[in-house]
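Here the structure is laid out as structure tokens; the discussion comes afterwards.
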Amino acid sequence: MVAYYKRRYNRRPKHKHYVNGYIRVPQVRLIDDEGENYGVLSTQEALKKAHEKELDLVLISEKANPPVAKILDYSKFLYDERKKQSSSKSKSTKSDTKEFVFGPNIGESDLQMRIDRTREFLDEGHRVKMTVRLRGRQRAHPEIGLEKIKTVMKALADVAKTEKKPEIKGYLISVIFEKK
């Protein structure tokens, strides 16, 4: 019995980029570490130039024709990429969607508490989804759930706008509020 082994170069490397021996295209457009463009070279010549500078050959744009490869220090490149990603994460303000789920038989004080809490979330810049869940015999009368949603919409009319009309999906009636 002969064992079948996968060829190593057919697998994608651990990271997003093809590096050094993993590059399997015949020609690449080469850019060195100073940004100088060498033009179109064979992959073997590009690997030799990278080896002379004691750096890595990284395939940057594999969709281009011919693919673009760059000579650089791959570990430093990954470090810089992670730093860019983490800084862009911290700069972006995250807008969550908060959700309240309740039944059509919710009491007035409980509903008012959810409305007040919704106002707080909207002031913080979040979107809020209000959902009425109908169970059992309540499903026969979805108009009661719609009435509760409309009560909430009237109470929040001064602070929020709805993305669209209340939506009925099976046994759930929901509406999403955004700050005006």
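All residue numbers in this chain count up from 1 along the given sequence.
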Hey, quick one: are [X] and [Y] part of the same hydrophobic cluster, counting side-chain heavy atoms closer than 4.5 Å, chains of contacts allowed?
X	Y	answer
M153	I115	yes
I31	L59	no
F100	I144	no
V25	L41	yes
F121	V159	yes

[atom2] on [Y] to [atom1] on [X], rounded to 0.5 Å:
X	Y	atom1	atom2	value
E178	T97	CD	OG1	8.5 Å
L122	F177	CG	CZ	8.5 Å
R29	N65	CZ	CG	9.0 Å
E99	M130	CD	CE	10.5 Å
K70	L57	NZ	CG	12.0 Å
E147	I173	CD	CD1	11.0 Å

Considering only heavy atoms from C-beta outward, does the side chain of [X] approach that of [Y] to under 4.5 Å?
X	Y	value
V101	L172	no
D96	K98	yes
L55	D32	no
Q138	N105	yes

Taking all non-hydrogen atoms of both residues, which atom of [X] and which atom of [Y] are closest, and how far apart?
X	Y	value
A46	V28	CB-CG2, 3.9 Å
N37	G39	OD1-N, 2.9 Å
P66	V40	CG-CG2, 3.7 Å

Going through the distances and angles, do E45 and L30 end up as a side-chain contact (heavy atoms from CB on, under 4.5 Å)? CA-CA 10 Å; E45 289 177 41; L30 184 65; over 6 Å; no

Carefully, step by step, assess R119 and D158 under the rule side-chain contact (heavy atoms from CB on, under 4.5 Å). CA-CA 10 Å; R119 285 181 191 274; D158 59 328; 3.4 Å; yes

Are there over 12 heavy-atom neighbours, none belonging to K53, within less than 6.0 Å of that residue's NZ? yes

Determine whether more than 12 heavy atoms belonging to other residues, nucleotides or ligands lie under 6.0 Å from atom CD of E54. no

Main-chain N/O of [Y] paired to [X] side chain as donor or acceptor, under 3.5 Å:
X	Y	result
T43	P26	yes
K180	A157	yes
D56	V58	no

Does the pair E81/K84 count as a salt bridge with the N-to-O cut at 4.0 Å? no

F102 six-ring centre to K148 NZ/CZ under 6.0 Å and within 45° of normal: no

